[in-house]
Amino acid sequence: MKIFVFAYDRYETMTTSKMLEAEQIEHTVLCHTQEAAEAFIKHGTALPERITVTNNPKGLAYQRNYALSTLTEDEWALFLVDDLKQITELRNHDKILDPTIPISLANQNHYSERFKHQITMQQFCLRAEQLAKQCDKYKAYLGGFAQIDNALFRKKHWSINVWADGRALVVKKSHLSFDENVQAIDDLCFTALNIKTFGIVIVNQWVLPDCKRYGAGGYGSIKDRTEQKKQEIAYMVKTFPELIAIKDKANHEHGSHAVLRQRKKPKIKIGR
C-alpha cells in the first residue's frame, strides 16, 4: 500500500513524515511548489528523496487527485495529513470477539482509558491494510478511522456509511476522483460520492489518528476557511441533496457546518 502525506505550509512543524521516517516506512510527501519543497528540506521536516512537487494550485483535492493518478486500477493507498500527533486504539481489541462492545454511561470511563492505547506507525499501517481488506470484502473503495475520542460513539468496530475523516483515509483507485470544487472539506464530499457510487464506505471506529487540526500552517484555521466552507457546503448540498445537509453548530456561522444525512444502511454485519 502506497502512503502519501499531504504537506502544506508547515515547514517547521510538519510531523507525519518524521513519524514515518522514524520507523523506516516508505512514503511520499506531496507539496505544491519547488520553493515549498526546499523549505521542508531546510527545516528537516521531510527528506529530499521523499518529496514530490505537483505544481498544483493550492488545494487538498488537487493533491489527492495527483496521488490517485500515480496508482494503478484497484490499488490501495493510505492518505495522511501532515500534522499527526499520535495514533491510539482500543487496548487488547484483538481479544474481543464481538464487533460491538457494550459501552454505556456507566462504563464509558473504563473504555475511554482503553481507547487511549498508543500504537506505532508500523502498527497503524497494519490497521490500514486490515481496513482495506474489509473494504475489498464488501466492495467499498473508501475507508476511514474514528473522528472523535468519545467512547460512546465508538461501540461498533466497523461503522458503515459515516463520514470518512480526511486525517487518514484508505482509498482504492477507481474511476472516481476528488471533486476539485471542494477543497476545504474534500473528505465529506468524497465520502458522499463513494456512497452514491458504490453504496458503501467503512470506518474503523476503534482506531483514532490524532492531529493538531486547524493549527498554524496547513490549509488554514477554522476562521480562515469559514467563507470557503460555506460556499463548498452550498455546492455539496446542491450536488448531493440526498446525502449532505446543512446543520447549525454552536459558535459557527450558519451554513458553515454540514453532516451526512441519516439513511438506511446496507444490511451488512461486519465481523471481527
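This chain uses plain numbering: 1 for the first residue, then up along the sequence. Just so you know, these numbers use all the heavy atoms, side chains as well, and skip hydrogens, waters and symmetry mates.
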Checklist entry - Quick one: is the NZ or CZ of R91 closer than 6.0 Å to the six-membered ring centre of F115, and within 45° of its axis? => result no
Checklist entry - Linking I/L/V/M/F/W/Y whenever any side-chain heavy atoms sit under 4.5 Å apart, do V259 and L193 land together? => result no
Checklist entry - Which pair of heavy atoms, one from C211 and one from K85, lies closest together, and at what distance? => result O-CE, 3.6 Å
Item to check | Short N-O contact, E21 and R50, less than 4.0 angstrom | outcome: yes
Next on the checklist: Quick one, K230 with E253, criterion salt bridge (Lys or Arg N to Asp or Glu O under 4.0 Å). Give me CA distance, side-chain angles, the key distance, then yes/no.
Outcome noted: CA-CA 9 Å; K230 287 167 69 174; E253 292 184 24; 2.9 Å; yes
Item to check | Worked check of salt bridge (Lys or Arg N to Asp or Glu O under 4.0 Å) between R127 and E89 | outcome: CA-CA 10 Å; R127 305 296 181 267; E89 70 175 16; 2.7 Å; yes
Item to check | Parallel, tilted or perpendicular: ring planes of F198 versus H175, cut at 30 and 60 degrees | outcome: perpendicular
Item to check | CA sep, side-chain torsions, deciding dist, call: F124, F145, ring pair (Phe, Tyr, Trp, His ring centres under 6.0 Å) | outcome: CA-CA 11 Å; F124 177 56; F145 299 92; 5.0 Å; yes
Checklist entry - Do the rings of F190 and F178 sit parallel, tilted or perpendicular, given the 30° and 60° boundaries? => result parallel
Checklist entry - With no hydrogens and no angle check, do the side chains of E232 and N181 hold a donor and an acceptor under 3.5 Å apart? => result no
Checklist entry - Is a side-chain donor-acceptor pair under 3.5 Å present for Q205 with S159? => result yes
Item to check | Sidechain N-carboxylate O distance under 4.0 Å for D136, K172 | outcome: yes
Checklist entry - Between K173 and D74, is there a salt bridge with N-O shorter than 4.0 Å? => result no
